[in-house]
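A, B, ... follow the sequence lines: proteins, then strands. Residue 1 opens every chain. Worth saying up front: this structure is predicted, and the values here are computed from it rather than measured.
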Number of protein chains: 2
Amino acid sequence: MLEFAILGLLQQSPMHGYELRKELASVLGGLRSISYGSLYPALKRLQAAGLIASEDPVPRALLPADAPALTGRRGKVVYAITAEGKERFADLVSQTGPEAYDDEGRFGVHLAFFRHTAADVRLRILEGRRRTVERQRDRLMDSLRRTQEKLDRYTLELQRHGLDSVDREVRWLTELIDSERDDARAEAARADEPPTGTAPPNDVTT
Amino acid sequence: MLEFAILGLLQQSPMHGYELRKELASVLGGLRSISYGSLYPALKRLQAAGLIASEDPVPRALLPADAPALTGRRGKVVYAITAEGKERFADLVSQTGPEAYDDEGRFGVHLAFFRHTAADVRLRILEGRRRTVERQRDRLMDSLRRTQEKLDRYTLELQRHGLDSVDREVRWLTELIDSERDDARAEAARADEPPTGTAPPNDVTT
DNA sequence: GATCGATGTATCGGGACGATACATCCGGTC
DNA sequence: GACCGGATGTATCGTCCCGATACATCGATC
């Protein structure tokens with residue numbers, strides 16, 4: 001998942017670790033960010049797999065031969081995606097199976113790179129996610145109905161709030177899906193035939 | 001956090017791992033449950049610290065000496081809380097600092113055991129949690145306002161949904177807090193003086 | 001001109017998780 | 001009455017993530 005996000009970000013342009021971390025935070029939803037303890041090992045894995053390459057474009061030119069020893073070696077390391085990396089990213093982006101939406105984080109990453117995703121794939125991922133969340137909601141509703149007598153007030157409140165939250169997510173996904181379908185329909189109509197009756201307004205775009 | 005939850009559950013009665021896991025799932029909000037890979041190491045840590053004790057009340061009586069060797073050793077292991085464990089739990093339950101509410105999971109556990117918690121401590125925890133979530137909301141609103149031009153539609157939607165979610169949590173907490181305050185006021189009124197004017201309805205309770 | 005905070009790369013230990021192995025018991029089924 | 005599958009049950013392993021930390025440089029503020 002992290003690897004996926006990194007490949008996606010490097011798609012645009014090379015970056016160094018610090019930048020990557022900041023961008024990653026906004027991709028992951030604005031709240032929880034990623035730690036260096038996750039980031040650097042992930043970069044190493046990607047590099048070992050040949051999906052990204054690192055270069056050191058700031059050769060620090062100065063300083064005599066007695067460099068501050070081992071760990072010292074500032075000068076920012078820039079990571080760039082390779083051809084293989086681009087292939088791999090294209091594969092990942094076009095996945096429509098459960099691995100694309102069962103995990104919340106993974107789904108978020110897919111959403112973040114939807115502009116690289118074909119319209120039909122987008123729709124399948126959104127629908128898959130909705131199915132997953134609906135199942136969660138139903139399970140929760142069920143367990144709540146079965147156990148509500150035995151729970152104290154606070155636990156009950158917690159469950160109710162959780163249920164409400166999941167329910168809202170379903171509705172949110174439904175809105176997204178409907179708007180995707182509208183787009184697809186508009187697209188089809190535009191390709192099929194220019195509307196009769198009402199004149200199409202000055203359509204300059206494209 | 002896991003340790004906290006285990007101590008809380010064993011407060012009621014001894015349990016074995018499998019039961020513990022199921023109860024834990026409902027404590028943690030109905031959705032995400034805990035894996036054995038987390039549970040058993042946690043039980044070992046608690047046992048090493050002397051906070052719980054394990055007994056094997058099913059001596060399997062049968063089977064000749066040639067037991068199926070090493071790993072074999074069925075007969076469920078029951079875990080019970082010790083006196084030290086009860087002390088530790090009482091300490092944990094009365095914490096009102098950031099450690100009680102900064103982490104979502106930890107806050108959930110506190111909420112799950114609110115019936116063991118004094119009214120003033122409950123209020124402080126709820127208010128602390130609200131402060132934390134409000135800060136999250138404000139940060140998110142800020143970053144959304146600053147970056148909304150550069151984000152594509154889907155990322156924007158994701159952020160908006162996240163923001164809505166956090167905002168709802170604040171409102172939910174406010175409801176809980178208000179109802180706690182009402183309870184406290186009613187309590188105080190009952191202790192202080194019977195109301196004049198309107199006659200108190202037949203108050204049989206307590 | 002010195003300190004402070006942002007930027008920057010990197011590692012370490014602790015802990016959580018999914019997967020898996022192993023073992024028992026209970027119900028139904030032919 | 002033999003068998004089988006699924007729920008119950010204990011436990012470990014490898015992989016990965018995270019918070020904390022170390023080290024290093026730069027710009028700005030006072």
Next on the checklist: What residues from residues 13-23 of chain B pass a heavy-atom cutoff of under 4.0 Å to DNA chain D?
Outcome noted: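 Those residues whose heavy atoms fall under 4.0 Å from DNA chain D, taken from residues 13-23 of chain B in numerical order, are His16(B), Gly17(B), Tyr18(B).
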
Next on the checklist: Looking at Tyr40(A), I'd like to know whether one of its side-chain N or O atoms comes within less than 4.0 Å of OP1 or OP2 on dT9(C).
Outcome noted: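 Affirmative; the distance criterion is met.
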
Checklist entry - Hey, is the side chain of Lys44(A) poking within less than 4.0 Å of OP1 or OP2 on dT11(C), counting only N and O atoms? => result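 Affirmative; the distance criterion is met.
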
Please give, in whole Å, the distance from [N] [atom2] to [X] [atom1]?
X         : N       : atom1 : atom2 : answer
Glu99(A)  : dG18(C) : CD    : P     : 16 Å
Leu46(A)  : dC16(D) : CG    : C1'   : 14 Å
Leu39(B)  : dT8(D)  : CG    : P     : 16 Å
Arg106(A) : dG18(C) : CZ    : P     : 15 Å

Checklist entry - Are Arg131(A) and Glu134(A) close enough for a salt bridge, meaning some N to O gap below 4.0 Å? => result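 No, no charged N to carboxylate O under 4.0 Å.
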
Checklist entry - Mind checking whether His161(A) and Trp172(B) have parallel, tilted or perpendicular rings, split at 30° and 60°? => result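 Plane angle under 30°, so parallel.
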
Distance check, rounded to the nearest 0.5 Å: [X] atom [atom1] versus [Y] atom [atom2]?
X         : Y         : atom1 : atom2 : value
Thr174(A) : Glu127(A) : OG1   : CD    : 10.0 Å
Leu173(B) : Arg171(B) : CG    : CZ    : 11.5 Å
Lys22(A)  : Met15(A)  : NZ    : CE    : 10.0 Å

Checklist entry - Is the count of non-hydrogen atoms from other residues, nucleotides or ligands lying under 6.0 Å from Arg153(A) atom CZ greater than 12? => result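 Enclosed.
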
Checklist entry - Could you give all pairs that pass the salt bridge (Lys or Arg N to Asp or Glu O under 4.0 Å) test and reach residues 83-109 of chain B, with sequence neighbours left out? => result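 Counting only pairs at least two positions apart or across chains, no salt bridge (Lys or Arg N to Asp or Glu O under 4.0 Å) contact touches residues 83-109 of chain B.
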
Next on the checklist: Ser33(B) vs Leu24(B), test: side-chain contact (heavy atoms from CB on, under 4.5 Å). Steps then yes/no.
Outcome noted: CA-CA 7 Å; Ser33(B) 99; Leu24(B) 239 24; over 6 Å; no

Set out, line by line, the N/O atom pairs under 3.5 Å between protein and nucleotides 13-16 of chain C.
{"from": "dA16(C)", "atom 1": "OP2", "to": "Arg45(B)", "atom 2": "NH2", "distance (Å)": "3.1"}

